[in-house]
Amino acid sequence: MFALVDCNTFYASCEAIFNPAVRGKPVVVLSNNDGCIISRNAEAKALGIPGMLPFFQVRKQVEDGGCHIFSSNYELYGDISARVMRLMEPYAVEMEVYSIDEAFLSLHCDDFHAHGHAIKDMLWQNIRMPVCVGIAPSKTLAKLANRAAKKIPRLNGVCVLDTPEKWEWLLARISLDDIWGIGSRIKKRLNEMGIYNGLQLARSDAKWLRRRFSVVLEKTIRELNGESCLPLELSPEPKKEIICSRSFSYKVTELHELQQAVSLYAARACEKMRKQCGLTAMLWVYLESFQDQVHFHRQKLVKLPGLTNDTRVIAEAGADAIAEIFKPGLRYKKCGIGLLDLRTRQFEQLDFYAPQQSQQSRQLMSTMDKINERFGRYTIQLANTGIQPKWLMSRNFKSPAYTTRWADIPVVRC
DNA sequence: TCTGGGGTCCTAGGACCC
DNA sequence: TCTGGGGTCCTAGGACCC
């Protein structure tokens with residue numbers, strides 16, 4: 001059996017951990033640049049505040065409702081997530097960390113109800129993280145069970161689907177896009193074929209639908225019938241590409257500012273890449289401008305002469321590429337850089353003619369990472385990223401990095 | 001005025017190889 | 001006028017997820 005443990009309104013719940021004053025009050029968390037609402041707790045939902053909507057459109061409603069507003073604080077959420085996962089580990093035979101706020105666990109026990117409640121209670125007691133638990137014989141059904149645990153109050157946060165009668169009862173009552181793996185496009189096409197609810201899908205011909213859609217849908221159908229087709233992915237595969245892109249706080253028009261931004265994002269992306277011992281020889285830069293209600297995208301792929309993890313090399317290549325796709329006179333809202341086709345040193349293809357990254361460069365990067373990890377992310381950075389540049393995304397409601405920065409540690413006075 | 005950011009997998013079709 | 005058969009690799013685009 002699989003359990004899916006999913007944190008309730010994760011970002012909003014993180015904000016409440018070290019700030020109990022907001023517990024029981026409406027809370028909303030905004031995306032980068034304070035653009036959209038990306039998380040809101042039950043109290044905020046009760047006020048009728050919709051999710052994934054531009055903040056400015058609902059700002060009045062949010063403020064009138066007395067909501068506590070937070071900018072997103074990924075340093076905090078990432079650290080809380082790691083703690084939640086660590087606490088859950090002893091409760092599973094094996095565990096797959098599926099996203100920042102959820103994990104699949106494989107279970108071996110007699111009483112799934114009791115086990116689900118044990119996990120839920122433990123997480124609340126240890127870290128004040130409210131969760132719901134869904135348990136079923138396949139990951140897709142566990143997802144569904146979790147949804148039910150969240151929606152149906154009398155389940156008290158834990159739902160076990162251990163017989164076909166139970167999951168079929170639920171499947172008959174849900175729309176197709178409530179099923180994991182089915183989005184709006186596939187839902188629409190299935191509707192056109194006369195399939196509207198989960199049970200109808202579960203009873204359709206998987207092989208026939210595979211030919212019309214893909215193997216993914218076939219597996220979904222089999223999983224809905226209690227057959228496990230998606231195994232746990234235990235050790236996360238290293239990423240094949242790493243992208244870093246952000247919107248600016250205002251519309252940027254100057255080339256040098258775009259180059260500062262792409263250097264900064266390159267540094268972040270390289271840091272992530274080095275963390276997984278990755279190297280790249282291929283990068284991609286991207287510019288998005290906005291004028292007269294129209295978006296323009298320009299992008300460029302760059303091949304480096306050899307594999308590297310050196311921030312300086314990649315930032316420079318990125319800045320050069322930006323200069324090539326830059327068109328003066330446009331107002332830019334966003335830019336980004338992607339490191340593609342990541343390799344590890346182990347599989348480095350040695351090329352007689354390609355320049356190899358020097359020992360000195362590797363050591364410099366490793367030292368830089370160690371210092372930044374010890375003393376904070378931007379202790380050492382490239383000079384060409386600018387010093388507190390104005391275009392940097394705004395985060396006007398950011399909470400402290402309670403658990404990851406010395407200066408921000410909460411103080412208890414008695 | 002103001003609309004996030006970061007990933008994965010699958011398939012079809014073209015290029016190329018023997 | 002006639003024009004094989006089988007395979008791999010790569011890329012773009014579509015769809016999905018959180």
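The structure presented is a predicted model; accordingly, all values stated were derived computationally and were not measured. Computation of the quantities below employed the complete heavy-atom set of this structure, encompassing side-chain atoms and omitting hydrogens, waters and symmetry-equivalent molecules. Sequence lines set the chain letters: A, B, ... in the order given, protein chains first and strands last, and positions in each chain run from 1.
- Under a cutoff of 6.0 Å and an axis angle of 45°, A:Arg210 and A:Trp208 do not form a cation-pi pair.
- Within 4.0 Å (heavy atoms only), A:Tyr250 reaches no atom of the nucleic acid at all.
- For the pair A:Tyr77 OH and B:dG6 P, the computed distance is 16 Å after rounding to whole Å.
- OP1 or OP2 of B:dT3 has not a single side-chain nitrogen or oxygen of A:Ser247 nearer than 4.0 Å.
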Could you go through the side chain to side chain contact (heavy atoms under 4.5 Å, CB included) check for A:Leu264 and A:Arg268 one step at a time? CA-CA 7 Å; A:Leu264 182 68; A:Arg268 267 304 284 150; 5.6 Å; no
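- Taking atom CG of residue A:Leu340 and atom P of nucleotide C:dT11, one finds them 10 Å apart after rounding to whole Å.
- Counting non-hydrogen atoms under 4.0 angstrom, A:Asn33 reaches nothing in the nucleic acid.
- Looking only at atom types and distance, the side chain of A:Glu102 has a donor-acceptor partner in the side chain of A:Ser99 under 3.5 Å away.
- At a threshold of 4.0 angstrom between heavy atoms, the contacts of A:Lys143 are confined to the sugar-phosphate backbone, with no base atom among them.
- Residue A:Lys333 places its side chain closer to B:dG4 than to any other of B:dG6, B:dC9, B:dG4.
- Rounded to whole Å, the separation between the P atoms of B:dT3 and C:dC18 comes to 25 Å.
- Residue A:Leu30 is classed as having no contact, given no heavy-atom separation below 4.0 Å to the nucleic acid.
- For the pair A:Arg298 and A:Tyr286, the NZ or CZ position fails the cation-pi test of under 6.0 Å to the six-membered ring centre and within 45 degrees of the ring normal.
- Pairing each heavy atom of A:Leu201 with each of A:Ile182, the nearest pair is CD2-CD1, 3.3 Å.
- In this structure, NZ of A:Lys139 is placed 15 Å from P of B:dT8, rounded to the nearest angstrom.
- Taking side-chain N and O atoms only, A:Lys187 has no distance below 4.0 Å to OP1 or OP2 of C:dC16.
- The nearest whole Å value for the distance from the NZ atom in A:Lys60 to the P atom in B:dT1 is 19 Å.
- A:Leu339 places its CG atom 14 Å from the C1' atom of B:dG7, with the value rounded to the nearest Å.
- Remark: A:Met52, A:Pro54, A:Phe56 in residues 50-58 of chain A come within less than 4.0 Å of DNA chain B through at least one heavy atom.
- Looking at heavy-atom distances under 4.0 Å, A:Ile179 makes contact with sugar-phosphate atoms alone, never a base.
- Only A:Ser214, A:Val215, A:Val216, listed by number, bring a heavy atom of residues 205-220 of chain A to less than 4.0 angstrom from any atom of DNA chain B.
- Aromatic rings of A:Tyr11 and A:Tyr74 (six-membered ring for Trp) have centroids within the 6.0 Å cut-off, being under it.
- A donor and an acceptor atom, one from each side chain of A:Ser361 and A:Asp310, are located under 3.5 Å apart.
- Heavy atoms of A:Arg59 sit nowhere under 4.0 angstrom from any nucleic acid atom.
- Of the N and O atoms on the side chains of A:Glu223 and A:Trp180, not one donor lies less than 3.5 Å from an acceptor on the other residue.
- Heavy atoms of A:Ile100 sit nowhere under 4.0 angstrom from any nucleic acid atom.
- The side chain of A:Asn32 approaches B:dG5 more closely than any other nucleotide in the set B:dT8, B:dG5, B:dT3.
- With rounding to whole Å, A:Met393 atom CE is found 16 Å from B:dT3 atom C1'.
- Nucleic acid contact for A:Asp101: sugar-phosphate only, since backbone atoms but no base atoms lie under 4.0 Å from a heavy atom of the residue.
- Paired with A:Glu218 under the rule salt bridge (charged side-chain N to carboxylate O under 4.0 Å, His left out), one option of A:Arg212, A:Lys207, A:Arg211 passes, and it is A:Lys207.
- Whole-Å rounding puts the A:Ile337 CD1 to B:dG6 P distance at 12 Å.
- Out of C:dC16, C:dC18, B:dC2, the shortest distance to the side chain of A:Glu102 is found at C:dC18.
- The side chain of A:Trp180 lies closest to C:dC18 when the candidates are B:dC2, B:dG4, C:dC18.
- The side chain of A:Ser245 approaches B:dG6 more closely than any other nucleotide in the set C:dC17, B:dG4, B:dG6.
- Side chain of A:Ile243, nearest nucleotide from B:dG6, B:dT8, B:dG4: B:dG6.
- Spacing between atom CD of A:Glu233 and atom P of C:dC17 amounts to 16 Å, rounded to whole angstrom units.
- Mapping A:Gly35 and A:Arg246 onto DNA chain B by nearest heavy atom places A:Gly35 at the nucleotide closer to the 5' end.
- Centroid-to-centroid, the aromatic rings of A:Tyr265 and A:Trp284 stay 6.0 Å apart or farther.
- Between A:Asn33 and A:Ser247, the side chains place no donor N or O within less than 3.5 Å of an acceptor N or O (distance only, hydrogens not considered).
- Shown here, B:dG13 forms a base pair with C:dC10; the pair counts as Watson-Crick or G-U wobble because both key distances fall under 3.5 Å.
- In this view, A:Ser399 and A:Glu15, A:Phe70, A:Asn73, A:Leu76, A:Tyr402 satisfy the side-chain contact (heavy atoms from CB on, under 4.5 Å) rule, not counting sequence neighbours.
- Across all strands, A:Ser184 comes closer than 4.0 Å only to sugar-phosphate atoms, never to a base (heavy-atom distances).
- Projected onto DNA chain B by closest heavy-atom contact, A:Pro238 and A:Lys334 fall at different nucleotides, the more 5' of which corresponds to A:Lys334.
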